[in-house]
Chemist: 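Pasting in a structure now, in structure tokens, and then I'll have a few things to ask.
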Amino acid sequence: MVCREKLMADARKWGAELFTSRIRLLEREYEKAERREEVVKAFAKLFRQWEEQTEAEAASVGICYLYSSILMRTGELRLTVYGKELYMDSNQVELSWIPPCFFQMYEEDIPVIIEKLQKEHPRIYQYEKDAVRYQYAEYYYAAIAALCRDMLDEIKNCEAYRLLKKTDDFFFFFGRWRGEAEKLESGY
């Protein structure tokens with residue numbers, strides 16, 4: 001158990017070091033108008049689907065990550081509009097979303113971290129590599145949450161959002177699919 005703790009501590013240290021430079025690249029990429037438009041288009045499509053599929057008011061939008069997308073190496077997030085009953089709502093509308101650049105960079109980073117780990121920990125099992133992948137993904141999820149928080153005004157200014165029928169307490173949240181999440185801010 002001590003070896004595993006040391007492995008994960010080293011992975012955390014090297015991951016933090018590597019991500020410090022990567023976040024600057026992501027920030028520059030998402031300053032580009034075309035990248036920002038791609039994000040708004042994904043949300044607009046979700047809002048239009050809700051309007052086409054139900055007459056109910058939307059109560060929230062979840063931007064959720066899936067641990068399976070790390071294991072399957074897809075980088076997929078799930079955007080979901082919920083009615084008042086949140087997870088129990090039968091009207092929910094889902095859309096898969098892969099934010100451009102994020103997981104391409106993530107997948108480029110993993111071999112770098114694993115290579116550094118293997119120099120100090122010569123025998124790393126696949127389940128330990130998967131644990132490193134999950135741990136390192138947290139940096140990218142935090143960056144995606146920050147991007148979404150930063151882009152909320154742009155998302156709320158799109159026509160599809162303005163036409164969306166919403167509850168008075170409508171909100172956006174980011175977190176684990178059907179798990180813990182944080183409220184980004186209220187929708188109005």
Side-chain angles (χ1 to χ4, degrees), residues 19 22-24 26-72 74-106 133-188:
F19 190 73
R22 300 300 267 176
I23 190 66
R24 301 298 162 240
L26 286 168
E27 287 170 347
R28 281 195 297 275
E29 193 64 33
Y30 274 87
E31 287 174 357
K32 297 176 183 174
E34 62 270 15
R35 289 289 184 215
R36 298 182 83 76
E37 285 175 30
E38 289 176 50
V39 174
V40 172
K41 282 180 184 177
F43 282 88
K45 181 178 179 182
L46 177 72
F47 301 146
R48 284 191 299 274
Q49 283 180 339
W50 175 269
E51 288 298 306
E52 291 168 5
Q53 293 180 21
T54 183
E55 293 293 319
E57 292 181 320
S60 61
V61 171
I63 305 149
C64 301
Y65 57 89
L66 307 145
Y67 283 130
S68 61
S69 74
I70 294 300
L71 195 56
M72 302 300 289
T74 64
E76 179 182 304
L77 294 158
R78 184 155 298 154
L79 303 180
T80 308
V81 177
Y82 296 99
K84 294 176 184 175
E85 296 174 13
L86 197 63
Y87 295 142
M88 302 303 289
D89 196 314
S90 60
N91 294 318
Q92 63 185 278
V93 174
E94 298 175 358
L95 177 74
S96 294
W97 177 48
I98 301 173
C101 303
F102 279 87
F103 287 93
Q104 292 88 339
M105 285 188 187
Y106 168 82
R133 291 180 64 80
Y134 288 131
Q135 178 178 281
Y136 188 62
E138 296 299 324
Y139 290 106
Y140 278 87
Y141 291 144
I144 293 168
L147 170 71
C148 291
R149 193 176 293 111
D150 177 56
M151 291 199 59
L152 275 182
D153 286 340
E154 291 167 67
I155 292 167
K156 292 189 295 187
N157 282 329
C158 79
E159 183 181 8
Y161 178 82
R162 290 192 307 268
L163 295 174
L164 185 67
K165 291 182 292 295
K166 300 174 280 296
T167 60
D168 290 338
D169 57 350
F170 182 87
F171 63 95
F172 289 83
F173 66 91
F174 183 89
R176 187 167 53 89
W177 174 246
R178 304 252 171 158
E180 308 82 34
E182 67 175 281
K183 195 173 184 178
L184 295 180
E185 82 167 27
S186 62
Y188 283 105

Chemist: What is the minimum heavy-atom distance between Ile144 and Pro99, and which atoms define it?
Modeler: CD1-CG, 4.0 Å
Chemist: Measuring from atom CZ of Arg36 to atom NZ of Lys32, what distance do you get when rounded to the nearest 0.5 angstrom?
Modeler: 13.0 Å
Chemist: Using modelled atom types only, decide if a donor and an acceptor are shared between the side chain of Arg133 and the backbone of Ile70 within a distance under 3.5 Å.
Modeler: yes
Chemist: Should the ring pair Phe172 and Phe170 be called parallel, tilted or perpendicular, given that the plane angle runs from 0 to 90° and is split at 30 and 60?
Modeler: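 Correct class here is perpendicular.
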Chemist: Please round to the nearest 0.5 Å and tell me the distance separating atom CD of Gln49 and atom OG1 of Thr54.
Modeler: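 Gln49 CD to Thr54 OG1: 13.0 Å, rounded to 0.5 Å.
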Chemist: Show the numbers, then the answer: is there a side-chain contact (heavy atoms from CB on, under 4.5 Å) between Cys148 and Leu184?
Modeler: CA-CA 8 Å; Cys148 291; Leu184 295 180; 4.0 Å; yes
Chemist: Hey, what's the ring geometry for Phe174 with Tyr141, parallel, tilted or perpendicular (30° and 60° as the breaks)?
Modeler: tilted
Chemist: Counting the benzene-type ring for Trp, do Tyr136 and Tyr134 have ring centres under 6.0 Å apart?
Modeler: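 No.
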Chemist: Step by step, work out the side chain to side chain donor-acceptor pair (under 3.5 Å) result for Thr80 and Glu94.
Modeler: CA-CA 4 Å; Thr80 308; Glu94 298 175 358; 4.6 Å; no
Chemist: Indicate yes or no for a side-chain donor-acceptor contact from Asn157 to the backbone of Asp153 under 3.5 Å, with no hydrogens or angles considered.
Modeler: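 Yes; judged by distance alone, with no hydrogens or angles, the pair exists.
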Chemist: So Trp97 and Leu46, side-chain contact (heavy atoms from CB on, under 4.5 Å) or not? Walk me through it.
Modeler: CA-CA 10 Å; Trp97 177 48; Leu46 177 72; over 6 Å; no
Chemist: Check the angle between the aromatic planes of Phe102 and Tyr30 and answer parallel, tilted or perpendicular using the 30° and 60° thresholds.
Modeler: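 Rings of Phe102 and Tyr30: tilted, 30 to 60°.
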Chemist: Using a strict threshold of under 4.0 Å (side-chain N to carboxylate O), is an ion pair present between Lys84 and Asp169?
Modeler: no
Chemist: Between Lys183 and Phe171, is NZ or CZ placed under 6.0 angstrom from the six-membered ring centre and within 45° of the ring axis?
Modeler: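 Geometry flag: set, cation within 6.0 Å and 45°.
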Chemist: Would you check if the side chain of Trp50 reaches a backbone N or O of Ala56 as a donor-acceptor pair within less than 3.5 Å?
Modeler: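 Looks like yes, one N/O pair under 3.5 Å.
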Chemist: Measure across Gln92 and Tyr82 and return the closest heavy-atom pair with its distance rounded to 0.1 Å.
Modeler: OE1-CE2, 3.5 Å
Chemist: Is it true that, when you exclude Glu182 itself, more than 12 heavy atoms of the residues, nucleotides or ligands shown sit nearer than 6.0 Å to its CD?
Modeler: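 Yes.
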Chemist: I'd like to know whether Phe173 forms a side-chain contact (heavy atoms from CB on, under 4.5 Å) with Ser60, so could you lay out the CA-CA distance, the side-chain angles of the two residues, the decisive distance to 0.1 Å, and finally the verdict.
Modeler: CA-CA 7 Å; Phe173 66 91; Ser60 61; 3.8 Å; yes
Chemist: Look up atom OH in Tyr161 and atom NZ in Lys156, then write down how far apart they are to the nearest 0.5 Å.
Modeler: 5.5 Å
Chemist: For a 4.5 angstrom cut-off between non-hydrogen side-chain atoms, does Arg22 reach Tyr140?
Modeler: yes
Chemist: Can you tell whether the side chains of Glu38 and Arg35 come within less than 4.0 Å, N to carboxylate O?
Modeler: yes
Chemist: Looking only at heavy atoms, which two atoms of Phe19 and Ala143 are closest? And how far apart?
Modeler: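 Taking Phe19 first and Ala143 second, the nearest heavy atoms are CZ-CB, 3.9 Å.
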Chemist: Are more than 12 heavy atoms from other residues, nucleotides or ligands located less than 6.0 Å from atom CD of Glu159?
Modeler: no
Chemist: Can the ring centres of Tyr67 and Tyr65 be said to be less than 6.0 Å apart?
Modeler: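 They qualify: ring centres under 6.0 Å apart.
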Chemist: Start with the C-alpha gap between Tyr139 and Ile23, add the side-chain angles, then the distance that decides, and say whether side-chain contact (heavy atoms from CB on, under 4.5 Å) holds.
Modeler: CA-CA 9 Å; Tyr139 290 106; Ile23 190 66; over 6 Å; no
Chemist: Quick check for you: to the nearest 0.5 Å, what is the distance between Gln104 atom CD and Leu26 atom CG?
Modeler: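 The CD atom of Gln104 sits 9.5 Å away from the CG atom of Leu26.
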Chemist: Using 0.5 Å steps for rounding, measure from the CG atom of Leu163 to the SG atom of Cys158.
Modeler: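 Leu163 CG to Cys158 SG: 8.5 Å, rounded to 0.5 Å.
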Chemist: Rounded to the nearest 0.5 Å, how far does CG of Leu77 lie from CD1 of Ile63?
Modeler: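 Those atoms lie 8.5 Å apart.
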Chemist: Are Lys166 and Glu57 within salt-bridge range, i.e. N to O under 4.0 Å?
Modeler: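 Result for this pair is no, no salt bridge flagged.
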Chemist: Does a salt bridge link Glu51 with Arg48, judged by any charged N lying under 4.0 Å from a carboxylate O?
Modeler: no
Chemist: Looking at Arg176 and Glu138, is there a salt bridge between them, counting it only when a charged N and a carboxylate O are closer than 4.0 Å?
Modeler: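 Salt bridge: no.
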